[in-house]
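A short write-up of the structure that comes next.
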Amino acid sequence: MAKIIGGQSLPNIPWEDRPAGCKDVMWRYSANPIIKRDATRISNSIFNSAVVPFGNGYAGVFRCDDKCIRMNIFVGFSDDGINWNISDEPLSFEGDPDVTRFEYRYDPRVCKIEDKYFITWCNGYHGPTIGVGYTYDFKTFYQCENAFLPYNRNGVMFPRKFNDKYLMMSRPSDTGHTPFGDIFVSESPDLVYWGKHRFMMKPTPFDKSAWQCTKIGPGPVPIETDEGWLLFYHGVLQSCNGFIYSFGAAILDRDDPSKVLYRSAPYLIHPSTPYECTGDVPNVCFPCAALCDADTGRIAVYYGAADTVTALAFTNVNELIPWIKANAVEE
């Protein structure tokens, strides 16, 4: 049986047992979406957001597009990980004014390393790049230098250092809508200088796994297991009706995460419900956060649906790891 390494005991992790008759390794929460588009006074949509254990409950950094359709990030808190109190005011960062100035901020991830909660997001700085900041208490936030030159998206850090270096995945892109869609891993000694960029994953051939044949990108912060790092990631198919975003999972080498040991050929979640197929951007399931309970192996994945609302899906590491291995795509 697979075992989560270094994870927390979360007896109050959001959870719902697999529905009767469901044979899938991952299943949706029956009360989805858990966060509706109008959950705050100013919101047009709330999706593609990050959640972590904090105190006796949970804290989150949420992408909220307001009623002017400005993309920004907001703090929220919850006792149970399902019912959220999200601020009407976007979070603000302390730091160099040239770096903290606002163009847009979207698709955050939150990763705890030692005593800091690191936030990474797609940051507008003469084009999309990866913003990096941190907090200790989700009240005061400090912004570091942007990790990369534009154009880049989907910055996701690993929850521990490797040889005293921070590691971050990203998906370099260009000025358009990402015609290249490979995942890379970069390292930094100080959160300022990022280098040793190593290729990790690329889209699959259409005939091998079409849901991830156009572009891919890392999703939630990876979960360390005794079998390797468990990574949920999104994949895109360019259909005759536009992009379709689904998500699957991969297992990365524990010592060198740039090495992909297995990746799923079938998707885990594909747009199929009304809240995933209908919204501001139809046909999108985009994971940005995962909670895991080290005692039971339970995993709750938060994902944005149709770029409009936030939903939950569940799985168990003891089932998911063998499933990935048994259904791995042939590279």
Side-chain angles (χ1 to χ4, degrees), residues 2-10 13-14 48-55 57-61 73 81 107-121 130-138 141-142 144 147 154-171 183-191 194 196 198 200-201 217-234 247 249-261 287-303 315 317 320-321 324:
K3 181 180 179 181
I4 294 171
I5 304 296
Q8 292 179 259
S9 175
L10 296 178
I13 187 174
N48 296 7
S49 303
V51 170
V52 291
F54 180 72
Y58 300 93
V61 177
I73 54 179
D107 298 356
R109 277 75 161 181
V110 177
C111 178
K112 186 179 183 184
I113 305 177
E114 298 169 350
D115 62 343
K116 295 179 182 177
Y117 296 87
F118 288 93
I119 303 100
T120 53
W121 68 94
I130 305 301
V132 181
Y134 65 91
T135 183
Y136 296 96
D137 56 9
F138 288 92
F141 295 84
Y142 305 91
C144 308
N154 297 302
V156 182
M157 294 180 69
F158 282 81
R160 66 169 171 84
K161 294 180 180 179
F162 293 74
N163 298 319
D164 210 33
K165 303 291 194 305
Y166 298 95
L167 286 190
M168 185 193 303
M169 292 173 286
S170 68
R171 204 271 311 286
I183 300 174
F184 285 77
V185 181
S186 305
E187 72 173 42
S188 172
D190 56 8
L191 299 172
W194 292 86
K196 291 192 175 179
R198 296 292 187 263
M200 176 192 284
M201 293 170 62
V221 170
I223 298 169
E224 189 172 9
T225 78
D226 57 354
E227 300 270 359
W229 291 95
L230 173 61
L231 172 68
F232 296 98
Y233 66 97
H234 69 262
F247 66 87
I251 304 170
L252 314 176
D253 186 88
R254 282 185 68 191
D255 298 320
D256 181 1
S258 68
K259 297 178 180 178
V260 179
L261 306 180
C288 276
L291 300 174
C292 60
D293 177 28
D295 295 334
T296 62
R298 290 176 172 180
I299 300 173
V301 175
Y302 293 78
Y303 66 99
T315 188
V317 70
L320 182 58
I321 294 289
I324 296 170

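Because the structure is a prediction, the values reported are computed rather than measured. Position 1 is the first residue of the sequence; numbering continues from there.
- No more than 12 heavy atoms of other residues, nucleotides or ligands shown are found within 6.0 angstrom of NZ on Lys3.
- Under the side chain to side chain contact (heavy atoms under 4.5 Å, CB included) criterion, Tyr134 pairs with Lys116, Phe118, Tyr136, Tyr142, Cys144, not counting sequence neighbours.
- Under the side chain to side chain donor-acceptor pair (under 3.5 Å) criterion, Asp256 pairs with Ser258, sequence neighbours left out.
- By the ring pair (Phe, Tyr, Trp, His ring centres under 6.0 Å) test, Tyr117 is found to be paired with Phe54, Phe138, residues two or more places apart in sequence or in another chain being considered.
- Not counting sequence neighbours, the partners of Asp190 by the side chain to side chain contact (heavy atoms under 4.5 Å, CB included) test are Ser188, Val192, Tyr193.
- We find the CG-CD1 distance between Asn154 and Ile130 to be 7.0 Å, quoted to the nearest 0.5 Å.
- For Pro159 against Cys111, the heavy-atom pair with the smallest separation is CA-SG, 3.4 Å.
- Every residue meeting the side chain to side chain contact (heavy atoms under 4.5 Å, CB included) condition with Pro220, not counting sequence neighbours, appears here in chain and number order: Phe232, Pro287, Ala290.
- Smallest separation of non-hydrogen atoms from Trp229 and Asp253: CD1-O, 3.3 Å.
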Fill in: side chain to side chain contact (heavy atoms under 4.5 Å, CB included) assessment of Arg171 paired with His234
CA-CA 11 Å; Arg171 204 271 311 286; His234 69 262; 3.9 Å; yes
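- For the atom pair CG of Asp255 and CG of Asn163, the computed distance is 9.0 Å after rounding to the nearest 0.5 Å.
- Here the side chain of Arg109 pairs a donor or acceptor atom with the backbone of Gly219 at under 3.5 angstrom.
- Residues that satisfy the side chain to side chain contact (heavy atoms under 4.5 Å, CB included) test with Cys292, not counting sequence neighbours, are Ile4, Ile223, Ile299.
- Every residue two or more places apart in sequence or in another chain was checked for a side chain to side chain donor-acceptor pair (under 3.5 Å) with Tyr302, and none qualifies.
- The two residues Ala50 and Ala289 make their nearest non-hydrogen contact at CA-CB, 3.8 Å.
- Asp137 pairs by the side chain to side chain donor-acceptor pair (under 3.5 Å) definition with Thr135, not counting sequence neighbours.
- Closest approach of Ile321 and Leu230 over heavy atoms only: CD1-CD1, 4.3 Å.
- More than 12 heavy atoms of other shown residues, nucleotides or ligands fall within 6.0 angstrom of atom NZ in Lys165.
- The two residues Gly228 and Ile251 make their nearest non-hydrogen contact at CA-CG2, 4.0 Å.
- The side-chain heavy atoms of Pro218 and Met200, taken from C-beta on, include no pair separated by under 4.5 Å.
- Remark: Thr225 engages no residue in a side chain to side chain donor-acceptor pair (under 3.5 Å) (not counting sequence neighbours).
- Judged as a ring pair (Phe, Tyr, Trp, His ring centres under 6.0 Å), and not counting sequence neighbours, the contacts of Phe247 are Tyr303.
- Once rounded to the nearest 0.5 Å, the distance linking CD of Glu187 with OH of Tyr166 reads 13.0 Å.
- The CE atom of Met201 lies 5.0 Å from the CD1 atom of Ile183; values are rounded to the nearest 0.5 Å.
- Taken from CD1 in Ile13 to CG in Asp293, the straight-line distance is 5.5 Å, to the nearest 0.5 Å.
- Judged as a salt bridge (Lys or Arg N to Asp or Glu O under 4.0 Å), the pairs with a partner in residues 217-229 (not counting sequence neighbours) are, in order, Arg160-Glu224, Glu224-Arg254, Glu227-Lys325.
- Leu167 CG to Lys196 NZ: the interatomic distance, rounded to the nearest 0.5 Å, is 10.5 Å.
- Shown here for Pro14 and Leu291, the closest heavy-atom pair between the two residues is CD-CD1, 3.7 Å.
- Partners of Tyr233 according to the ring pair (Phe, Tyr, Trp, His ring centres under 6.0 Å) rule, which considers only residues two or more places apart in sequence or in another chain, are Trp211.
- Counting only heavy atoms from C-beta outward, the side chains of Phe162 and Pro257 approach each other to under 4.5 Å.
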